[in-house]
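Ligands are counted one by one from 1 in listed order, and the atoms in each one are counted from 1 as well. Starting from 1, each residue takes its place in the sequence as its number.
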Amino acid sequence: MQRYGVQTAPFRTFDHIADARRYVRAHGGPLVIKFDGLAGGKGVFVCGHTQNALAALDELSRKYGDAARLVIEEKLDGDEISVIGFTDGRDIFLLPPSQDHKQLLDGDRGPNTGGMGAFCPVPGWHDDLQREIESKIIRPTLRGIAAEGMHYKGVVYFGIIITARGPYLLEYNVRLGDPETEVLMPALRNNLAELMEACLNEEIGRHVPAFADGYFVDVVLASGGYPGDYETGFPIEVRPTGDVRLFYAGVSAQGDRMVTAGGRVLHVVAQGADLDEAIARAYAGVETVRFRTKYFRRDIGRRLNAILSGKTVAP
Ligand code: GLY
């Protein structure tokens, strides 16, 4: 990111926990510590204070030894947005901006999950922000991919935080997001297979994006207990309604019945002329699906959007 001028949080890398401790003591302040390696989703620590950061380093040292490689970066405050596109290595076809809700509990509290819901597009989004993201994050990334000789064709997922100082890249993925995809695909009017083919044929720039009007909301129905221990095998009853689409996730067939078979069981997705209507329709759809231990968040789509709504964020 530094090499290609992609706007991201200022960071330092460390090869030894002792150096990282010295840095944290000298630097202080809110920091994010990222372990370099596979950590089963538990390698990132968002530390509001020096003491939390030192405790995180102790934990990493216990788990991975004193020679653990780390990134320590400035903690940024703002709204996290997912910007996902299809690239042919030169141009990119961007899907509407979306947001997911990662935490289990209302108000973005509790443990992280695979995603409890999502919505698109993002209210308050505007052309200037889109242009800034394209010039400071997306274009430099594509230039970097080409300059590194990667010949990458496919999906790029930009995890971006919109701060009072502008947009910063938090992460890349080379896949679609979940649960973002469940709201993005119903919004997409272009033919998905043609877009994929255009990536391969280096013709993505010829496709004009077309999206449905209005907003889409996805409420995830989970098994009670998830992301901890939970029971499965409960029959799922669905009363059909034309207003929502259901995307099955942790579901299996048992004879002629559907039964729960995972932590996140299914997605209820609805469209509305505005976000409020989409939320109301999705939650009406939630009532049409029944299974024992059904759990869902009640505030999907209700994120504050502090920056985008023009409200200031505490430093
Ligand atoms: N929704 C976050 C992700 O797919 O990584």
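- Not less than 6.0 angstrom separates the ring centroid of Y226 from the ring centroid of Y295.
- Between H207 and F86, a ring centre-to-centre spacing not shorter than 6.0 Å is recorded.
- Between K102 and ligand 1, no N or O atom pair is found at a separation short of 3.5 Å.
- Close contacts of ligand 1 with N173, meaning ligand atoms under 4.0 Å from a residue heavy atom, involve 5 (O).
- Using a 30° and 60° split on the angle between ring planes, H267 and F247 fall in the perpendicular class, above 60°.
- In this pair, Y283 and F296 present their aromatic rings tilted. The plane angle is within the 30 to 60° band.
- Shortest contact from atom 5 (O) of ligand 1 to any protein heavy atom: R175 NH2, 2.8 Å.
- Counting the atoms of ligand 1 from 1 in the order shown, those under 4.0 Å from a heavy atom of E180 are 1 (N), 2 (C), 4 (O).
- On a distance-only criterion, D178 and ligand 1 share at least one N/O pair closer than 3.5 Å.
- Between F158 and Y172, the angle of the ring planes goes over 60°, which puts this pair in the perpendicular group of the 30/60° scheme.
- At the shortest separation from atom 1 (N) of ligand 1 among protein heavy atoms lies D100 OD2, 2.6 Å.
- Atoms of ligand 1 found under 4.0 Å from any heavy atom of G177 (numbered from 1 in listed order, with element): 4 (O).
- Closest non-hydrogen pair, D66 versus S61, comes out as OD1-OG, 2.9 Å.
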